[in-house]
Amino acid sequence: MSPESAGLAVKAGYTNVKVYLKGVPAWKKSGRNVVASTKHVKDGNIVLVDLRPTSEYKQGHIPRAYSVPLEDMEDLEDDLPASMAAPVVLYGTGDDKAYKFVKKLGYKTTSIYQGGVDAWVASGNQLSTDAAPEEITWKRILGKGEVTVAAFNKVADGEAPGGVILDVRTKDEAAEGMFDNAIHVPLDELQAKMNEIPKDKEVMIHCSTGARAEMAYKELKAAGFNAYYLVADVECDEDGCETAEE
Amino acid sequence: MKKKMLKKFIPFMVCASFFVSGCQQTGQNAAADQAMKVESVVKAQGNVYKGKVAGVSNKAKTISITVGKGDAAKTMMVKFNDQTKGMEHAAKGEAAIIKYEVIGTDKIAVEVKPKLAKLPEGTTEVDTEYLANLVSQGTEKGNYFLVDSRPGSRFHEGTIPTSVSIPVPKIKGEGALAVLPKDKNIQLVFYCGGPT
């Protein structure tokens with residue numbers, strides 16, 4: 001992408017054109033932070049954290065922000081959502097330090113809102129004086145083709161006759177236990193055994209986390225199936241399987 | 001001895017400096033040449049998928065790769081085994097070229113290679129340290145213009161400080177002169193999603 005833009009700049013007569021080929025992943029990997037835009041802080045499905053002392057938070061904070069003063073930073077380990085996919089946006093003095101801490105915890109899309117409340121007000125937004133929410137709540141927005149745990153369970157429990165469960169785990173994994181009435185086709189045999197999967201039903205695909213289910217979903221979609229996939233931890237034994245949201 | 005070393009190293013360095021995915025759609029002639037070379041290799045040696053790796057499962061020993069663009073995009077599946085070369089390049093989100101052979105109903109990956117991108121003529125590559133030094137000076141003192149070429153949504157969720165968002169379709173649609181600074185001698189730095 002960027003080399004193409006750089007090429008256009010050269011053609012337009014710009015004389016000093018450089019490309020940072022390694023891009024954002026290398027920037028993040030070097031431990032440097034990335035910054036979120038005001039739009040993202042306003043509308044994004046994020047966990048916004050105000051790192052300032054409680055007294056400053058009370059005087060006015062960005063709407064939706066949780067209050068976790070920098071000195072209590074370690075609390076974030078317990079307070080942040082279990083899913084490492086939750087985008088955490090930090091602001092206030094010490095945001096750099098907190099960024100490193102949160103990254104280390106494993107949150108993949110952590111960022112800083114540079115300038116904090118000042119930047120927020122400067123872009124024409126109001127501060128809030130609402131009391132701090134007691135708990136951090138955050139819900140992942142489902143990806144394309146993803147099914148909710150609730151909808152999946154309905155099919156697994158036999159309460160949705162229009163649906164069928166497809167288990168794409170390996171033979172060894174399936175031998176430990178499966179959902180009742182699930183069809184089992186290991187991901188690597190999917191191509192060869194597509195005729196075993198009903199075309200007239202909603203096919204709910206699962207594996208043990210969601211990675212293989214997503215791959216199978218793309219495969220079945222391309223072949224014209226009405227398929228969905230589950231992103232959740234699935235654990236099975238002889239009594240059946242249990243799902244836990246990521 | 002020395003000569004030998006050099007011979008070995010040059011191709012490696014050339015490859016390494018061009019290795020990049022997520023930035024691969026250069027539309028440059030150079031890239032097209034490269035693609036044509038790959039194409040001819042393909043014909044001689046068998047089947048190949050080129051595209052973005054959509055997923056890798058070590059348990060199922062399967063790679064899925066998205067080939068084609070837009071509505072024509074399709075996800076293909078190939079198996080891999082202990083003989084498959086270059087599995088380090090089969091990582092989700094990376095642009096790759098997978099050479100495979102058909103055995104029965106299975107497609108088995110023989111080799112996975114990163115899809116290459118070339119720097120357009122008249123541009124130079126910069127590294128993280130270089131860019132970090134610029135960013136620490138700020139746009140005014142550093143007299144630079146840093147462009148995030150990724151889609152706007154990616155820019156909003158987290159960008160390199162002091163960047164301006166100009167997605168590739170925007171600069172293509174409106175023209176470089178309309179979206180870049182007036183000063184043609186200003187230092188421009190472009191970046192995108194790079195290799196993941």
Side-chain angles (χ1 to χ4, degrees), chain A residues 1-30 32-37 39-40 43-44 46 87 89 109-112 114 168-170 173 186-192 207-208 211-212 214-216 218-219 221-222, chain B residues 17 20 22-23 25-28 54-55 57 59-62 64 66 74-75 77 79 105-106 117-128 130-132 147 149-150 154-161 166 168 171-172 175-177 180 184-196:
Chain A
M1 305 193 289
S2 56
E4 181 171 12
S5 295
L8 290 173
V10 171
K11 274 192 195 130
Y14 288 88
T15 60
N16 189 358
V17 183
K18 299 194 164 86
V19 182
Y20 176 45
L21 266 185
K22 295 198 175 88
V24 178
W27 180 265
K28 284 193 192 169
K29 215 176 168 189
S30 75
R32 294 175 171 89
N33 60 52
V34 289
V35 295
S37 72
K39 182 179 183 287
H40 192 58
D43 309 323
I46 59 170
V89 183
T109 45
T110 308
S111 61
I112 283 174
Q114 233 174 10
V168 294
R169 297 173 304 156
T170 61
E173 287 174 288
L187 177 64
D188 53 330
E189 293 174 24
L190 199 57
Q191 282 285 359
C207 56
S208 57
R212 282 172 287 170
E214 186 182 354
M215 289 162 77
K218 285 179 178 156
E219 193 80 0
K221 261 309 210 206
Chain B
S17 64
V20 56
C23 300
Q25 275 101 25
T26 62
Q28 296 296 310
S57 169
K59 283 184 190 149
K61 298 232 174 247
T62 306
S64 52
T66 308
K74 272 174 101 176
T75 304
M77 221 179 245
K79 292 185 185 181
T105 55
D106 287 339
K118 282 200 172 190
L119 274 183
E121 213 169 301
T123 66
T124 47
E125 186 186 353
V126 297
D127 61 12
T128 307
Y130 182 91
L131 183 58
V147 180
S149 298
R150 299 173 305 160
R154 304 300 303 278
F155 167 84
H156 286 296
E157 80 183 21
T159 189
I160 297 174
I166 308 177
V168 178
I171 194 168
K172 273 171 104 173
L177 293 172
L180 295 174
K184 289 207 173 166
N185 296 318
I186 194 171
Q187 175 169 207
L188 298 176
V189 185
F190 292 87
Y191 70 88
C192 57
T196 46

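A quick note: this is a predicted structure, and the numbers were derived from the prediction, not measured. Numbered from 1 within each chain, the chains take letters A, B, ... in sequence-line order.
- Looking only at heavy-atom pairs under 4.5 Å with chain B, the residue among A:Gly13, A:Ser30, A:Ser111 that has the most is A:Gly13.
- Here A:Asn16 contributes atom CG and B:Gln187 contributes atom CD; the two are 5.0 Å apart, rounded to the nearest 0.5 Å.
- Proximity to chain A (any heavy atom under 4.5 Å) is restricted, for B:Thr105, to the side chain, taken from C-beta onward.
- Using a 4.0 Å cut-off between a side-chain N of Lys or Arg and a carboxylate O of Asp or Glu, A:Glu173 and A:Arg212 qualify as a salt bridge.
- Heavy-atom distances place the side chain of B:Lys79, and not its backbone, under 4.5 Å from chain A.
- The shortest heavy-atom contact between A:Trp27 and A:Tyr20 is N-OH, 3.3 Å.
- Between chain A and the options B:Ile166, B:Asp127, B:Val147, the largest number of non-hydrogen pairs under 4.5 Å is found for B:Asp127.
- Taking each heavy atom of B:Ala54 and A:Lys218 in turn, the nearest pair found is CB-NZ, 3.7 Å.
- Residue B:Arg154: no heavy atom, backbone or side chain, is found under 4.5 Å from chain A.
- Comparing A:Thr15, A:Val24, A:Val35 by heavy-atom pairs within less than 4.5 Å of chain B, the highest count is held by A:Val35.
- Within the 3.5 Å criterion, the main-chain N or O of B:Leu131 finds no donor-acceptor partner in the side chain of A:Lys18.
- Note on B:Gly175, B:Gly122, B:Ala60: by heavy-atom pairs under 4.5 Å with chain A, the leading option is B:Ala60.
- At a 4.5 Å heavy-atom cutoff, the contact between A:Asn33 and chain B is made by backbone and side-chain atoms alike.
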Intermediate values then yes/no, side chain to side chain contact (heavy atoms under 4.5 Å, CB included), A:Tyr14 and B:Thr123: CA-CA 10 Å; A:Tyr14 288 88; B:Thr123 66; over 6 Å; no
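- For A:Val10, the part lying under 4.5 angstrom from a heavy atom of chain B is the side chain only.
- Of the atoms belonging to A:Ser208, it is side-chain heavy atoms, and not backbone ones, that fall under 4.5 Å from chain B.
- Comparing A:Ala222, A:Ala192, A:Ala9 by heavy-atom pairs within less than 4.5 Å of chain B, the highest count is held by A:Ala9.
- Note that the NZ atom of B:Lys172 and the CG atom of A:Leu8 stand 7.5 Å from one another [nearest 0.5 Å].
- Within the model, atoms NZ of B:Lys61 and CG of A:Leu187 stand 13.0 Å from one another, a figure rounded to the nearest 0.5 Å.
- Shown here for B:Ser57 and A:Met215, the closest heavy-atom pair between the two residues is N-CE, 3.8 Å.
- Looking at A:Ser5, both its backbone and its side chain come within 4.5 Å of chain B, counting heavy atoms on both sides.
- Taking chain A as the reference chain and counting heavy-atom pairs below 4.5 Å, the highest number among B:Ile160, B:Ile171, B:Thr62, B:Asn185 is found for B:Ile160.
- Closest non-hydrogen pair, A:Ser2 versus B:Cys192, comes out as OG-SG, 3.2 Å.
- Interface summary for chain A: among B:Val168, B:Thr128, B:Thr75, the most heavy-atom pairs under 4.5 angstrom belong to B:Thr128.
- Note on B:Leu180, B:Ile186, B:Thr66, B:Asp106: by heavy-atom pairs under 4.5 Å with chain A, the leading option is B:Leu180.
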